[in-house]
Amino acid sequence: MRILLVEDEPTLRAQVRTGLQEAGYVIDEADNGRDAQHLGATEPFDAVVLDLGLPVLDGLSVLKRWREAGHTLPVLILTARDSWHEKVAGIDAGADDYLAKPFHMEELLARVRALIRRAQGLASPLLQCGTLALDTRSSRVTLAGQTISLTSHEFRLLAYLMHRPGSVVSRTELTEHMYAQDFDRDSNTIEVFVGRLRRKLPPQAIETVRGMGYRLVAPS
Ligand code: CA
């Protein structure tokens, strides 16, 4: 899952980035509204954390431009403490949720998890596909109740597939959601990670759909 983090204050941005990365997300960053607006309009993010007070172009304008252009990406806005009017303006501009500064990282993570699963039409933070389960709160993966140990790449790959059970996901789509923009992307490496992940899952759990991509199938 790939997240756009927009915050101009370097210390806070670094803290949030670290927290999100530790939770298994891939992060692209912007420190001003113009760059943020461009990134959100051109890259397929799973969620956005958007500060409202930004240089060049304010966060509310960024959000309005995305929504006017029809971009439905889930957006969590960061508002000033006690500023109820910012929350109202933000939600009216198309924000999906808000968080007032200062906040606890745990609350930001919970809100991001909720945004991502709601965008996929998923009700529970525990994602299940047959006997395979991924708890988005703890980043723990189990198969028939037994914990499976995954590398960060394997986890990102499985998390993306688990958010789209039964759907065919192309290698390009997986690449776009597993790597940040500045990363040297090579969709062939996806095959390598799929191979490694398959060895930790039941046979046929990740089905190859010829010429299209991969599909997660409930292990029986
Ligand atoms: Ca700011």
Side-chain angles (χ1 to χ4, degrees), residues 1-120 125 136-139 152 156 159-160 163 176-185:
M1 294 288 157
R2 187 172 164 203
I3 293 175
L4 173 60
L5 169 61
V6 189
E7 168 61 62
D8 57 318
E9 210 277 292
T11 308
L12 180 58
R13 191 172 68 244
Q15 282 169 358
V16 175
R17 177 183 60 224
T18 301
L20 288 168
Q21 283 173 335
E22 284 174 359
Y25 298 106
V26 183
I27 312 301
D28 287 65
E29 292 178 341
D31 62 4
N32 68 81
R34 186 184 51 215
D35 291 350
Q37 196 266 329
H38 175 72
L39 273 170
T42 53
E43 294 286 323
F45 293 102
D46 296 294
V48 182
V49 176
L50 177 67
D51 184 33
L52 289 187
L54 292 171
V56 189
L57 183 66
D58 68 274
L60 211 53
S61 301
V62 171
L63 183 55
K64 283 178 183 162
R65 289 189 191 184
W66 284 339
R67 296 313 189 216
E68 280 164 13
H71 300 298
T72 57
L73 71 179
V75 176
L76 171 71
I77 53 169
L78 303 180
T79 67
R81 189 163 64 111
D82 297 334
S83 178
W84 63 267
H85 53 90
E86 268 195 9
K87 295 169 191 163
V88 173
I91 291 166
D92 279 344
D96 298 277
D97 200 359
Y98 66 84
L99 192 55
K101 293 180 183 180
F103 51 82
H104 289 281
M105 194 61 207
E106 285 305 317
E107 184 173 2
L108 183 137
L109 290 173
R111 290 182 182 278
V112 166
R113 285 195 291 273
L115 279 189
I116 291 174
R117 69 171 181 260
R118 282 203 300 265
Q120 304 301 328
T136 58
R137 295 162 296 192
S138 58
S139 302
S152 61
R156 281 187 223 158
Y160 195 78
H163 276 86
E176 284 177 342
H177 290 266
M178 283 177 62
Y179 298 105
Q181 194 185 37
D182 53 6
F183 195 86
D184 181 22
R185 295 176 185 175

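We use all heavy atoms of the structure for the numbers below, so side chains are in, but hydrogens, waters and symmetry mates are not. Counting starts at 1 for both ligands and their atoms, following the listed order.
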Side-chain ion pair, Lys101 and Asp51, N-O less than 4.0 Å:
yes

Are any side-chain N or O atoms of Asp96 and backbone N or O atoms of Val75, one a donor and one an acceptor, separated by less than 3.5 Å?
yes

Within the distance-only criterion (no hydrogens, no angle test), does the side chain of Gln21 pair as donor or acceptor with the backbone N or O of Ile27 below 3.5 angstrom?
no

Would you say [X] has an N, O or S atom lying under 3.0 Å from the Ca ion (ligand 1)?
{"X": "Gly53", "result": "yes"}
{"X": "Asp8", "result": "yes"}
{"X": "Asp51", "result": "yes"}

Hey, what do you get for CD (Glu29) to CD (Glu7), rounding to the nearest 0.5 Å?
10.0 Å

